[in-house]
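Since the structure comes first, as structure tokens, the remarks are kept for the end.
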Amino acid sequence: MHHLNTLSETIINLIAQIPVGKVATYGQIAVMAGNPRAARQVSRLLHSCSKKYQLPWHRIINSQGKISIPKDLPQYQEQLNRLLKEGVELGLNNRIDLSRYQWQGTDD
DNA sequence: ATGATGACGTGCG
DNA sequence: GCGCACGCCATCA
């Protein structure tokens, strides 16, 4: 841990709160953290802090409802498998139905 | 200091 | 619906 600014801490805390079987988008977390322009920081934090804080990184997808990792990378399958195991399914075009699976934040 | 990079987002054609 | 340009910004070379 060491010196995480409040934005990073907030982002990490939010990600950690996403319930099993729900997903959130990068931009959504950024907005909830109070900085709509921090979507890329959410991505960076997933890279750098997922292991350390045991974050449910697989529950973060892009605003299109898709897994952001290129399909030809093994990590794509890993994220997909983790989501499937939680009951999150892909619809047409490998898209996740946000109206059904998106974390609303009010309950957790 | 400068330029490139990226598990992003939005707008437009 | 898809691709592309552009905006954004911490991190890196």
Side-chain angles (χ1 to χ4, degrees):
Chain A
M1 91 160 57
H2 281 274
H3 335 293
L4 289 177
N5 62 41
T6 56
L7 177 60
S8 293
E9 287 180 347
T10 304
I11 289 175
I12 288 173
N13 285 328
L14 284 168
I15 294 173
Q17 288 176 50
I18 305 172
V20 174
K22 289 292 182 178
V23 299
T25 70
Y26 296 88
Q28 174 190 352
I29 295 299
V31 169
M32 291 172 102
N35 189 334
R37 300 189 274 194
R40 303 195 92 132
Q41 184 167 345
V42 173
S43 170
R44 284 191 297 275
L45 286 170
L46 287 181
H47 275 292
S48 59
C49 303
S50 281
K51 187 155 192 171
K52 184 186 298 181
Y53 297 99
Q54 300 185 8
L55 298 178
W57 58 271
H58 57 287
R59 297 180 192 142
I60 304 295
I61 59 180
N62 64 33
S63 64
Q64 309 306 302
K66 292 183 176 179
I67 289 175
S68 270
I69 303 170
K71 282 194 274 303
D72 54 315
L73 297 183
Q75 286 140 304
Y76 176 92
Q77 267 303 319
E78 186 182 355
Q79 179 167 14
L80 176 56
N81 289 335
R82 284 173 177 247
L83 288 172
L84 292 176
K85 196 187 303 183
E86 298 185 353
V88 176
E89 296 174 13
L90 300 189
L92 293 181
N93 276 51
N94 301 311
R95 188 188 302 274
I96 292 170
D97 184 354
L98 289 177
S99 70
R100 181 176 167 190
Y101 294 108
Q102 184 169 35
W103 178 41
Q104 299 304 130
T106 55
D107 54 87
D108 65 289

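Heavy-atom basis, side chains included; hydrogens, waters and symmetry copies ignored.
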Whole-Å distance separating the [atom1] atom of [X] from the [atom2] atom of [N]:
X       : N      : atom1 : atom2 : value
A:Asn62 : B:dA7  : CG    : P     : 12 Å
A:Ile15 : B:dA7  : CD1   : P     : 15 Å
A:Arg59 : B:dA7  : CZ    : P     : 21 Å
A:Ile11 : B:dA7  : CD1   : C1'   : 14 Å
A:Gln64 : B:dT10 : CD    : P     : 8 Å
A:Lys51 : B:dA7  : NZ    : C1'   : 17 Å
A:Gln28 : B:dG9  : CD    : P     : 10 Å

key: A:Arg59/A:Glu86 under salt bridge (Lys or Arg N to Asp or Glu O under 4.0 Å): CA gap, chis, key distance, verdict   = CA-CA 10 Å; A:Arg59 297 180 192 142; A:Glu86 298 185 353; 2.7 Å; yes
request  = Return the minimal non-hydrogen interatomic distance between A:Glu89 and A:Leu84, and the atom names on each side.
outcome  =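 In this case the closest contact between A:Glu89 and A:Leu84 is CA-CD2, 4.2 Å.
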remark   = From the candidates B:dT10, B:dC8, B:dG9, the one with an atom nearest any side-chain atom of A:Ser43 is B:dC8
key: Donor-acceptor under 3.5 Å (A:Asn35 side chain, A:Arg37 main chain)   =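 Indeed, once roles are kept as given, a pair shorter than 3.5 Å links the two residues.
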request  = Examine distances only and state if a side-chain atom of A:Gln28 and a backbone atom of A:Trp103 form a donor-acceptor pair shorter than 3.5 Å.
outcome  = yes
key: Heavy atoms from other residues, nucleotides or ligands near CZ of A:Arg100 exceed 12 (cutoff 6.0 Å)   =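 Open: at most 12 neighbouring heavy atoms sit under 6.0 Å from CZ of A:Arg100.
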inquiry  = Using the side chain to side chain contact (heavy atoms under 4.5 Å, CB included) definition, which of the options A:Asn13, A:Leu14, A:Ile15 pairs with A:Met32?
reply    =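 Only one of A:Asn13, A:Leu14, A:Ile15 forms a side chain to side chain contact (heavy atoms under 4.5 Å, CB included) with A:Met32, namely A:Leu14.
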message = For a quick check, with a 4.0 angstrom heavy-atom cut-off, what is the B/S/- contact string for nucleotides 2-13 of chain C, read 5' to 3'?
response = S----BBBB---
key: Phosphate-side-chain proximity, A:Ser63 and B:dT10, N/O vs OP1/OP2 below 4.0 Å   =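 Looking at the OP1 and OP2 atoms of B:dT10, one of them is under 4.0 Å from a side-chain N or O of A:Ser63.
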